[in-house]
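To start, the structure under review is shown below, and the notes come after it.
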Amino acid sequence: MRRVRLYDSLHREVRLFQPRFPPRVGMFVCGVTTYDDAHIGHGRFAVVFDVLARALRRWGYRVFYVQNVTNLDDKVIARAGETGDDPLERSARYFRAWREQMDALNVRSVDHYPFATDYLPEIVDQIRDLERAGFAYRAEDGSVYYEVARFPPYGQLSGQNVQALRPGARVELDRRKRSPEDFVLWKAATPGEPSWESPWGPGRPGWHIEDTAITGRLLGPQYDIHGGGIDLIFPHHEAEIAQAEGASGKSPLVEYWLHNGLVQMNGEKMSKSLGNVASLEAAIATAGAMPLRLYYLNAHYRSPLDFQPEASLREARESYERLRGPFARVTASLASASAGSELPDALAQHANSVVEQMDDLLADDLRSREALALLFQWARTVNELGELSGYSALALESLAAPFRWAEVTLGLFADVAGADAGALDAAVRVAIDARSRARARGDYGEADRIRDELARAEIHLEDGPSGTRWTYRPSSSDGS
RNA sequence: GCCGAGGUGGCAGAGUGGUGAAUGCGACGGACUGCAGAUCCGUUUCCUGGGGGUUCGAAUCCCUCCCUCGGCUCCA
């Protein structure tokens, strides 16, 4: 099994990845709160952790990947109240949109998307465990709080000093709490809002408890990987550690804490509360899902990533075409390949070496940017060969290998046609032959008419020294 | 104020002690084309925030200053 290294936010260093029970890997990622449209930042964490799961599976690990869905919280309720929606129906609607966007982005590695409200029994059980262990207390109104002072490691993940938090401007004064840093586990019901029965009376879960209740049930009291945006470290992930370790008595909850950097818009974090969001759905429509995926993977996952509304998407489309073009040509040639020449040994070996190097890069804390740099170089190598129809199927498979690696591991090229390319090629060739005859007799009007007509079907012709080549290049839906 | 991550060419973004500082986008020139496009070749005169130090050698290690971003109970 490949040597994998991952940066762990708790230990603050890159560590050799050793799951508790290899080859099995339990992986949990904080998902979305389904109260509004997802933005580009949400797409980033989804793609980054999709690649992690894909890569681990490629290397022989058996990954169970859970991504939760916060389908009920203060924001869902608040937004539903504004619009007159039923909160849970609103959530269901936005979750469907999220899944559609995930499908478009080729995010397929998530095994299970648990909803918070499907885990009420587990949530109640965990709060009772915390009560029994002395970490929780009941307030007069029926809410239950976590008493942070009872959990000395609190602050270890974020490096926060709990005492220093006290004067923090945003720590609200709440008379129900024994201490300002305490956080709510169970919120007493408010009339008109969804609520569930519990030993403490009707209410609903606090923000942090759903994750640890879900992971406790699905992944156990201790598991391997927990991922999420870097903005969740405090207080959310800190609270998760306090809850899970307090309730189970086992430490550590998680072996490897992974946090992705945030997408910034003109130098500032993209967030709904700042109002500077770019909709994920719109970006997919404008740039295409695969170029967007490339955009995410073209930076290291822990770095901040700047989003420039016009430039970023245009660049993503142009660079993606540079990769997709040669791969699509190899695939098309492969579909009709029979006998032909082989590659020089050095080139075939180079293909293997590129794949090996890309695996190594990804295994070193997901250096996707550098793996892509190699893939761009390989694209150039393939382009240098020119016409591909003279190569054998074996040779073409060698040429395809680095692209196929990216297809499987990075999840790119979901839009590159495969098996039916041969039939399409035969059909397009008929039109190309007719146009060639027109050009030969100097009838450029007819030649351009055929080319324009094919262009309307998004098939683009290119005349070169070795004849006419065609590519299928879908334009974006906005037509820009 | 406290905790954390950063400052690299026109832009995006790698590289964290040693061959010419990747890769992509953009721009310019050339080849190819009936024109176009794609592709290839070349150019973009050369960019590591300022200062100091360690070293034969620093973008990379140390010190210091400046600046940016994130967190400090809404957050991917």
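In the text below, chain A, chain B and the rest are named by the order of the sequence lines, each starting its count at 1.
- In summary, A/Arg435 and A/Asp443 do not engage in a salt bridge, as defined by a charged side-chain N under 4.0 Å from a carboxylate O.
- If you take OH of A/Tyr320 and P of B/rG13, they are 21 Å apart, rounded to a whole angstrom.
- Checking B/rA14 for Watson-Crick or G-U wobble geometry (two distances, each under 3.5 Å) identifies no partner in any strand.
- At a cut-off of 3.5 angstrom, counting only N and O atoms as typed in the model, there is a donor on one side and an acceptor on the other between the side-chain of A/Arg451 and the base of B/rC35.
- Between A/Phe49 and A/Tyr65, a ring centre-to-centre spacing not shorter than 6.0 Å is recorded.
- A/Asp306 comes within contact range of the sugar-phosphate backbone alone, with a heavy-atom separation under 4.0 Å but no base atom that close.
- The pair A/Arg449-A/Glu453 meets the salt-bridge criterion, with a side-chain N (NZ, NE, NH1 or NH2) lying under 4.0 Å from an Asp/Glu carboxylate O.
- Scanning atom types as modelled, no donor and acceptor separated by under 3.5 angstrom connect the side chain of A/Asp443 and the base of B/rG34.
- Contact of A/Arg322 with B/rG26 (side chain to base): no donor-acceptor pair of N or O atoms is detected under 3.5 Å.
- For A/Lys75, counting side-chain heavy atoms from C-beta on, the closest listed nucleotide (B/rA76, B/rC74, B/rG4) is B/rC74.
- In this entry the distance linking NE2 of A/His300 with C1' of B/rG24 reads 18 Å, nearest Å.
- Atom-to-atom, CZ of A/Arg317 to P of B/rG24 comes out at 19 Å; the value is rounded to the nearest Å.
- Residue-to-nucleotide contacts include a donor-acceptor pair under 3.5 Å from the side chain of A/Arg369 to the base of B/rU23.
- Atom CG of A/Leu262 is separated from atom C1' of B/rG4 by 12 Å (rounded to the nearest Å).
- Annotation: B/rU48 and B/rC61 have their C1' atoms spaced 15 Å apart (nearest Å).
- Atom name C1', nucleotides B/rC11 and B/rG52: the rounded distance is 32 Å, in whole Å.
- Between A/Tyr7 and A/Leu372, the residue anchored closer to the 5' end of RNA chain B is A/Tyr7, taking for each the nucleotide with the nearest heavy atom.
- Base pairing of B/rG4 is made with B/rC69, judged by Watson-Crick or G-U wobble geometry with both donor-acceptor distances under 3.5 Å.
- Judged by the 6.0 Å and 45° rule, A/Arg44 forms no cation-pi pair with A/Tyr301.
- In this structure, A/Asp448 reaches the bases: a heavy-atom distance under 4.0 Å links it to at least one base atom across the strands shown.
- The separation between A/Tyr146 atom OH and B/rU73 atom C1' is 15 Å, rounded to whole Å.
- Comparing B/rU19 with B/rU54, their C1' atoms sit 24 Å apart, to the nearest whole Å.
- Remark: B/rG26 base-pairs with B/rU44; criterion is Watson-Crick or G-U wobble with both hydrogen-bond distances under 3.5 Å.
- Salt bridge status for A/Asp360 with A/Arg367: absent, with no side-chain N to carboxylate O gap under 4.0 Å.
- As rounded to whole Å, 10 Å separates atom P of B/rG15 from atom CG of A/Asp365.
- Comparing B/rC28 with B/rU45, their C1' atoms sit 13 Å apart, to the nearest whole Å.
- Candidate nucleotides B/rC74, B/rU73, B/rG34 were compared by shortest atom distance to the side chain of A/Phe183, and B/rU73 ranks first.
- A/Ile233 comes within contact range of no nucleotide atom at all, as no heavy-atom separation falls under 4.0 Å.
- A/Leu294 comes within 4.0 angstrom of nothing in the nucleic acid, heavy atoms only.
- For A/Ala447, the side-chain atoms get nearest to B/rG34 when compared with the rest of B/rC40, B/rC25, B/rG34.
- For a distance-only test at 3.5 Å, the side chain of A/Arg314 fails to qualify as a donor-acceptor partner of the base of B/rA12.
- The residue A/Val48 sits apart from the nucleic acid: no heavy atom pair falls under 4.0 Å.
- Comparing the P positions of B/rU8 and B/rA59 gives an interatomic distance of 15 Å, to the nearest angstrom.
- A gap of 13 Å separates the C1' atoms of B/rG9 and B/rA27, to the nearest Å.
- Base pairing analysis places B/rU39 opposite B/rA31; the two distances defining the Watson-Crick or G-U wobble pair are each below 3.5 Å.
- At a threshold of 4.0 angstrom between heavy atoms, the contacts of A/Gly31 are confined to the sugar-phosphate backbone, with no base atom among them.
- Between B/rG15 and B/rC2, the distance separating the two C1' atoms is 32 Å to the nearest Å.
- For B/rC61, the paired nucleotide is B/rG53, the pair qualifying as Watson-Crick or G-U wobble because both relevant distances are below 3.5 Å.
- The nearest heavy atom of RNA chain B to A/Glu370 and to A/Ser319 marks one nucleotide each, and the one closer to the 5' end goes with A/Glu370.
- Residue-level contact check: A/Ala311 touches neither bases nor backbone, having no heavy atom under 4.0 Å from any strand.
- When heavy atoms are screened at a 4.0 angstrom cut-off, A/Ser312 is found touching no nucleic acid atom at all.
- Rounding to the nearest 0.5 Å places CZ of A/Arg404 at 5.5 Å from OG1 of A/Thr331.
- In this entry the distance linking CD1 of A/Ile230 with C1' of B/rG71 reads 8 Å, nearest Å.
- When the P atom is compared between B/rG51 and B/rC66, the two are found 15 Å apart, to the nearest whole Å.
- Contact between the side-chain N/O atoms of A/Arg439 and the OP1/OP2 oxygens of B/rC35 is not found at any separation under 4.0 Å.
- Side-chain N/O atoms of A/Asn383 include one lying less than 4.0 angstrom from OP1 or OP2 on B/rC40.
- Put simply, A/Gln308 has a side-chain N or O that comes within less than 4.0 Å of OP1 or OP2 on B/rA12.
- You'll find that the side chain of A/Arg469 is closest to B/rU39, out of B/rA76, B/rU39, B/rA14.
- As a whole-Å value, the separation of A/Leu361 CG from B/rU23 C1' is 12 Å.
- Using a cutoff of 4.0 Å between basic side-chain nitrogens and carboxylate oxygens, A/Arg439 and A/Asp463 are scored as salt-bridged.
- If you check every strand for non-hydrogen atoms under 4.0 Å, A/Gly228 touches sugar and phosphate atoms only.
- To the nearest 0.5 Å, atom CG of residue A/Asp433 and atom CZ of residue A/Arg429 are 7.5 Å apart.
- Annotation: cation-pi geometry not satisfied between A/Arg90 and A/Tyr35 (NZ/CZ under 6.0 angstrom from ring centroid, within 45° of ring axis).
- No salt bridge links A/Asp50 with A/Arg108; every basic N to acidic carboxylate O contact stays at or beyond 4.0 Å.
- In the interface, the side chain of A/Arg302 is not paired with the base of B/rA5 through any donor and acceptor atom under 3.5 Å apart.
- The base of B/rA14 is not paired with the side chain of A/Arg367 by any donor and acceptor separated by under 3.5 Å.
- Candidate nucleotides B/rA76, B/rC11, B/rC35 were compared by shortest atom distance to the side chain of A/Arg435, and B/rC35 ranks first.
- Within the nucleic acid shown, A/His236 has no heavy atom closer than 4.0 Å to any nucleic acid atom.
- At the phosphate of B/rC72, neither OP1 nor OP2 sits under 4.0 Å from any side-chain N or O atom of A/Ser158.
- Side chain A/Asp463 to base B/rC32: no donor-acceptor pair is found below 3.5 Å.
- Among the heavy atoms of the strands lying under 4.0 Å from A/Phe376 are primed sugar atoms or P, OP1, OP2 only; no base atom is included.
- Of the side-chain N and O atoms in A/Gln377, one or more sit less than 4.0 angstrom from OP1 or OP2 of B/rU23.
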